[in-house]
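Here the structure is a predicted model, which means the values were calculated and not measured. Numbering starts at 1 and runs along the sequence shown.
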Amino acid sequence: QRTDLFGESFFVSNCSKFVFSIHSIRLKSLNANTDIATLARRVVEECRLIHPSELPEVEQLLFYLQNRKKPDKQEKHSPRDLTPFEGMEEANINSIDDYVELLYEDIPEKVRGATLILHLARNPDNLEELLQNETALGALARVLREDWKQSVDMATTIIYVFFCFSSFSQFHGLVTHYKIGALCMNITEHELKRYDLWQDELQKKKKDPDNQNVKKEHEKALKKYQGLLSKQEQLLQVALYLLLNLAEDTRTELKMRNKNIVHMLVKTLDREDEELLVLVVSFLKKLSIFLENKNDMAETYAVEKLARLLACDHENLLNTTLRLLLNLSFDTGLRSQMVQAGLIPKLSSLLADEKQGQLCMCILYHISVDDRFKSMFAYTDCIPQLMKMLFECGESHMDPELISFCINLAANKRNAQLICEGNGLKMLMKRGLKLKDVLIMKMIRNLSQHDGPTKNLFIDYVGDLAAQIGAEEREEYVIECLGTLANLTIPDLDWELVLKEYNLVPYLKDHLNPGSAEDDLILEVVIMIGTVSMDDSCAATMAKSGIIPALIELLNAQQEDDEFVCQIVYVFYQMVFHQATRDVIIKDTQAPAYLIDLMHDKNAEIRKVCNSTLDIIAEYDKECERKIQSEKFRWHNAQWLEMVENRAMGDDGEPSMFGDDGEPFMHSGDILERPDLFYTAADGTISPEFFTDYQNGDIGQAGGFPGSMNMDMFGQSTVTPGQRPATAYGIRPDAQFFYSYTGAASR
């Protein structure tokens, strides 16, 4: 035999091999003054299933029931306590059938019956027994479905009953069975439409405030509206809370999304009730982790409505709103909406808040990822607060969100100036060099890239940075120090002294060998060589050390990496400005040939640097100039040349594809020395009429063939010394240009 407890009764089960039965005994007279021994004997006498030998066990159970702690009536429930309980009689599970009967009466009796059942449902101990009473639950669902529009109180109370079940996952099937979720969706949609109608009516009655009658009527309507609004918000709260519980199942959540739950929730954000807003924002936060829901929030401009909640004093509402904004801030479009809604200064003002500061920093970090918005932080108090937080860390561990945010902000010139104000740069350098902090050095590296007064501040730290360059340091740390030095394109800086003082030339040369280090470090070495090569004596030192052949070897090894190619070509560009290195590059290396090959690279930045370098080489070497001109001509007139090479000739005496000596019509000589190939040739090899379409078209130059060499064929802007190319952001189309016969022969 087994005895179990439930509510204010106990059940005795009698188990045999094949039979399991439960007998319930109602103890209506059990209270604090009941004689437990007498009641136990009476129970044993009246229940034949209990053997007299079990009398002590029955007494023990009765004693437990008598002394069991009652639930605290003042305990808070969610959603908030409903007013129908005030002054109402105590509900009893034994009278459940009487309460169900009330659901078949008029509206006031239905409200009373539903309220009494709700009083029972709020005690979790009663839910199992209510679950067995299909009559009661079916009646509640029927009344809600048929009469919810007739009474807000009744609808609120019945939904609250099912909300009590929805608080436990094992009862979700019951709520779904009676289709309460779909009913709540319909009720919510209807109530939101009613709210809009109330607002319109109030606006109409507010049109003539000077008229006393109209003013009184408006005040009366406003008072009525506030009462209706209070009840409606209570209904919305319990309905949305039930839906939130059911949304634990993603399939159910998808059904809600298909019925525009996001639009309803965003519309509810206009309310003033803070408890309702906490629920709505929490629901949106849960939904926001799915792409479709996030897109719906973007379409409904939810961010604009959330922005006003950042000024509230309700701590829970503020925290939940920030968490929702953090979820949304992963989307580029929604970050733009946040900036437009003025969130940057609002969030910056909350950085000092101990409870909300971390969330604000994460959102601001996401916004700072976009270069368009970095400059906006300069017009808030964000940067001074961040610098204060950095310095307060001392030598202790720094939050990754904090330093990551600072690294992003340092990439903007105006922000960099604010960061370096006062002792800002000095403190950063002190921490970075002392602790070998890679992230701080990354921030310093970003600061060093900006021209103007900020870059000049680094002159005092060149020696400290150069001293960090060595094989004994971590590679990631050396990369940042080397990158910072490479950014210092300052004319007054004596790089020759720096190279000698810290013996950097051997280190730079050794790390040009492919595979000698990580690619990131090798790339920084190349950039560093490009920076110091601006100095005449440094360039000569580099050339003497054999760095130019090493660069060509590296170019061969990394020819598929645009960043490497561009930076190596930039080194050649810097070196051809100096006579000593220019002669070495032109006469002793294959660099010009590589540059000619790269002249037509798909990457725009590489083409730009190559053309600028070749233009300088052409000025000083006539042989190279001829080769460069020939290559440019061949490239720009490739189709025309191919047509001339391959055009088929007839047997009517026209010139054949081969000359009398059997040599090809287009031999391998310098094409610029073949005037007979131009349409202006006196022998009429190619008829001038053939090019009429070119001369009459929109392309080409008047009075000459569209591929003539009287202009800069690339139309590229030149690179100036010290202007670092940015190949990583260049565009590389997948296919080369192809031109039709009726298009331009050169472009």
Side-chain angles (χ1 to χ4, degrees), residues 76-85 107 110-111 114-115 117-118 121-122 137 140-169 171-198 227-249 252-287 293 317 320:
K76 281 286 182 181
H77 293 266
S78 294
R80 57 179 176 249
D81 293 337
L82 300 176
T83 52
F85 289 108
I107 294 299
K110 288 179 179 178
V111 173
T115 303
I117 294 175
L118 173 58
R122 291 173 65 192
L137 297 177
L140 286 169
R142 177 190 60 79
V143 172
L144 178 63
R145 185 167 53 253
E146 296 176 357
D147 300 331
W148 65 267
K149 290 184 180 179
Q150 299 184 33
S151 171
V152 175
D153 289 337
M154 182 186 68
T156 303
T157 305
I158 295 177
I159 293 175
Y160 205 149
V161 173
F162 287 101
F163 162 76
C164 294
F165 284 98
S166 73
S167 299
F168 301 91
S169 300
F171 297 140
H172 284 185
L174 165 76
V175 181
T176 305
H177 172 72
Y178 289 106
K179 299 182 178 179
I180 303 302
L183 269 174
C184 287
M185 291 289 294
N186 295 336
I187 291 171
T188 301
E189 184 178 12
H190 176 78
E191 292 301 325
L192 291 175
K193 290 179 180 178
R194 286 181 65 193
Y195 177 80
D196 292 337
L197 291 175
W198 294 344
L228 293 172
L229 185 63
S230 176
K231 288 189 175 183
Q232 186 191 67
E233 289 180 344
Q234 201 172 46
L235 172 60
L236 288 175
Q237 186 177 359
V238 69
L240 292 175
Y241 216 135
L242 183 144
L243 292 173
L244 176 59
N245 289 340
L246 294 181
E248 288 180 4
D249 187 341
T252 304
E253 182 179 313
L254 180 59
K255 293 178 182 178
M256 296 180 191
R257 190 258 168 183
N258 292 336
K259 290 191 175 184
N260 286 331
I261 183 65
V262 174
H263 291 72
M264 295 181 194
L265 291 171
V266 172
K267 199 171 183 180
T268 313
L269 290 174
D270 294 328
R271 305 301 180 101
E272 299 296 332
D273 186 276
E274 291 180 337
E275 294 299 327
L276 175 60
L277 288 172
V278 170
L279 172 61
V280 171
V281 176
S282 300
F283 205 158
L284 286 171
K285 179 170 70 71
K286 182 185 185 305
L287 296 172
N293 298 330
L317 176 57
T320 310

Engineer: Quick one: are Leu243 and Met256 in side-chain contact, heavy atoms under 4.5 Å?
Structural biologist: yes
Engineer: Side chains of Gln237 and Tyr160: closer than 4.5 Å at any heavy-atom pair?
Structural biologist: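 SC-SC contact between Gln237 and Tyr160 ruled out.
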Engineer: Going by the rule side-chain hydrogen bond (donor to acceptor under 3.5 Å, both in side chains), which residues pair with Asn260 if we only count those two or more places apart in sequence or in a different chain?
Structural biologist: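 Partners of Asn260 under the side-chain hydrogen bond (donor to acceptor under 3.5 Å, both in side chains) test: none.
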Engineer: With a 4.5 Å limit on heavy-atom distance, are the side chains of Val262 and Val266 in contact?
Structural biologist: yes
Engineer: Yes or no on side chain to side chain contact (heavy atoms under 4.5 Å, CB included) for Ile187 and Ile159, after CA distance, side-chain angles and deciding distance?
Structural biologist: CA-CA 10 Å; Ile187 291 171; Ile159 293 175; 3.8 Å; yes
Engineer: Please test Leu229 against Arg271 for side chain to side chain contact (heavy atoms under 4.5 Å, CB included), starting from the C-alpha separation and ending with a verdict.
Structural biologist: CA-CA 10 Å; Leu229 185 63; Arg271 305 301 180 101; 3.5 Å; yes
Engineer: Using the side chain to side chain contact (heavy atoms under 4.5 Å, CB included) definition, which of the options Leu144, Ile117, Ile180, Val111 pairs with Ile158?
Structural biologist: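 When Leu144, Ile117, Ile180, Val111 are each tested with Ile158, the side chain to side chain contact (heavy atoms under 4.5 Å, CB included) holds only for Leu144.
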Engineer: Name all residues meeting the side-chain contact (heavy atoms from CB on, under 4.5 Å) criterion together with Lys259; count only those two or more places apart in sequence or in a different chain, and write none if there are none.
Structural biologist: Ala182, Met185
Engineer: Please report the shortest heavy-atom distance between Cys184 and Leu242, naming the atom on each side.
Structural biologist: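 That closest heavy-atom pairing would be SG-CD2, 4.0 Å.
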Engineer: Once you round to the nearest 0.5 Å, how far does CZ of Phe162 lie from CG of Leu183?
Structural biologist: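 Taking CZ in Phe162 and CG in Leu183, the distance rounds to 9.0 Å.
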Engineer: Could you list the residues that satisfy ring-ring contact (aromatic ring centres under 6.0 Å, His included) with Tyr195, not counting sequence neighbours?
Structural biologist: none
Engineer: Locate the shortest heavy-atom distance separating Tyr241 from Leu279; write the atom from each residue and the value.
Structural biologist: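 That would be N-CD2, 3.6 Å.
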Engineer: I'd like to check the side-chain contact (heavy atoms from CB on, under 4.5 Å) partners of Arg194; sequence neighbours left out, ordered by chain and number.
Structural biologist: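 With sequence neighbours excluded, Arg194 shows a side-chain contact (heavy atoms from CB on, under 4.5 Å) to Val152, His190, Glu191, Trp198, Gln232, given in chain and number order.
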Engineer: Hey, which of Asp270, Leu265, Thr268 is the one that makes side chain to side chain contact (heavy atoms under 4.5 Å, CB included) with Leu192?
Structural biologist: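 Of Asp270, Leu265, Thr268, side chain to side chain contact (heavy atoms under 4.5 Å, CB included) with Leu192 is met by Thr268 alone.
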Engineer: Applying salt bridge (charged side-chain N to carboxylate O under 4.0 Å, His left out), can you list everything that pairs with Lys231, at least two apart in sequence or on another chain?
Structural biologist: Asp153
Engineer: Roughly how far, to the nearest 0.5 Å, is CE of Met264 from OG1 of Thr188?
Structural biologist: 6.5 Å
Engineer: Can you find a pair of side-chain heavy atoms, one from Asn258 and one from Leu254, that are under 4.5 Å apart?
Structural biologist: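 Yes, their side chains come closer than 4.5 Å.
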Engineer: Which heavy atom of Cys164 sits nearest to which heavy atom of Leu118, and what is that distance?
Structural biologist: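 Scanning both residues completely, I find the closest heavy atoms to be SG-CD1, 4.0 Å.
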Engineer: Suppose we screen for side-chain hydrogen bond (donor to acceptor under 3.5 Å, both in side chains). Which residues come up paired with Arg145, at least two apart in sequence or across chains?
Structural biologist: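 Testing Arg145 for side-chain hydrogen bond (donor to acceptor under 3.5 Å, both in side chains), a comparison that skips the adjacent residues, returns none.
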Engineer: Passes side chain to side chain contact (heavy atoms under 4.5 Å, CB included), Tyr178 versus Leu140? Steps please.
Structural biologist: CA-CA 10 Å; Tyr178 289 106; Leu140 286 169; over 6 Å; no
Engineer: At their closest point, which heavy atom of Asn245 faces which heavy atom of Ser166, and how far apart are they?
Structural biologist: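 Taking Asn245 first and Ser166 second, the nearest heavy atoms are ND2-OG, 3.1 Å.
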Engineer: Measure the spacing between CG of Asn293 and CZ of Phe283 and express it to the nearest 0.5 Å.
Structural biologist: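 Rounded to the nearest 0.5 Å, the CG-CZ separation comes out at 9.0 Å.
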Engineer: Main chain of Phe163, side chain of Ser167: is a donor-acceptor contact present, judged purely on distance under 3.5 Å?
Structural biologist: yes
Engineer: Quick one: CD on Gln234 to CG on Leu276, what's the gap to the nearest 0.5 Å?
Structural biologist: 11.0 Å
Engineer: Using salt bridge (charged side-chain N to carboxylate O under 4.0 Å, His left out) as the criterion, list what pairs up with Lys286, not counting sequence neighbours.
Structural biologist: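 With sequence neighbours excluded, Lys286 shows a salt bridge (charged side-chain N to carboxylate O under 4.0 Å, His left out) to Glu253, given in chain and number order.
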Engineer: After noting the C-alpha distance and the side-chain angles of Asp249 and Thr176, does the key distance pass the side chain to side chain contact (heavy atoms under 4.5 Å, CB included) rule?
Structural biologist: CA-CA 11 Å; Asp249 187 341; Thr176 305; over 6 Å; no
Engineer: Tell me, please, which residues at least two apart from Lys267 pass salt bridge (charged side-chain N to carboxylate O under 4.0 Å, His left out).
Structural biologist: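 For Lys267 the salt bridge (charged side-chain N to carboxylate O under 4.0 Å, His left out) partners, ignoring immediate neighbours, are Asp196.
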Engineer: Got a sec, which residues hit side-chain contact (heavy atoms from CB on, under 4.5 Å) with His177, two or more places apart in sequence or on another chain?
Structural biologist: none
Engineer: Drop me the distance from His263's NE2 to Arg257's CZ, to the nearest 0.5 angstrom.
Structural biologist: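 Nearest 0.5 Å value for the NE2-CZ distance: 8.5 Å.
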Engineer: Give me the atom names and distance for the closest heavy-atom approach of Glu233 to Asp273.
Structural biologist: OE1-CB, 3.2 Å
Engineer: If the condition is side-chain contact (heavy atoms from CB on, under 4.5 Å), which residues does Ser169 pass it with, not counting sequence neighbours?
Structural biologist: His172, Glu248
Engineer: Mind checking side-chain hydrogen bond (donor to acceptor under 3.5 Å, both in side chains) for Glu274 and listing every partner two or more places apart, or none if nothing turns up?
Structural biologist: none
Engineer: If the condition is side-chain hydrogen bond (donor to acceptor under 3.5 Å, both in side chains), which residues does Asn186 pass it with, not counting sequence neighbours?
Structural biologist: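 Counting only residues at least two positions away or on another chain, Asn186 forms no side-chain hydrogen bond (donor to acceptor under 3.5 Å, both in side chains).
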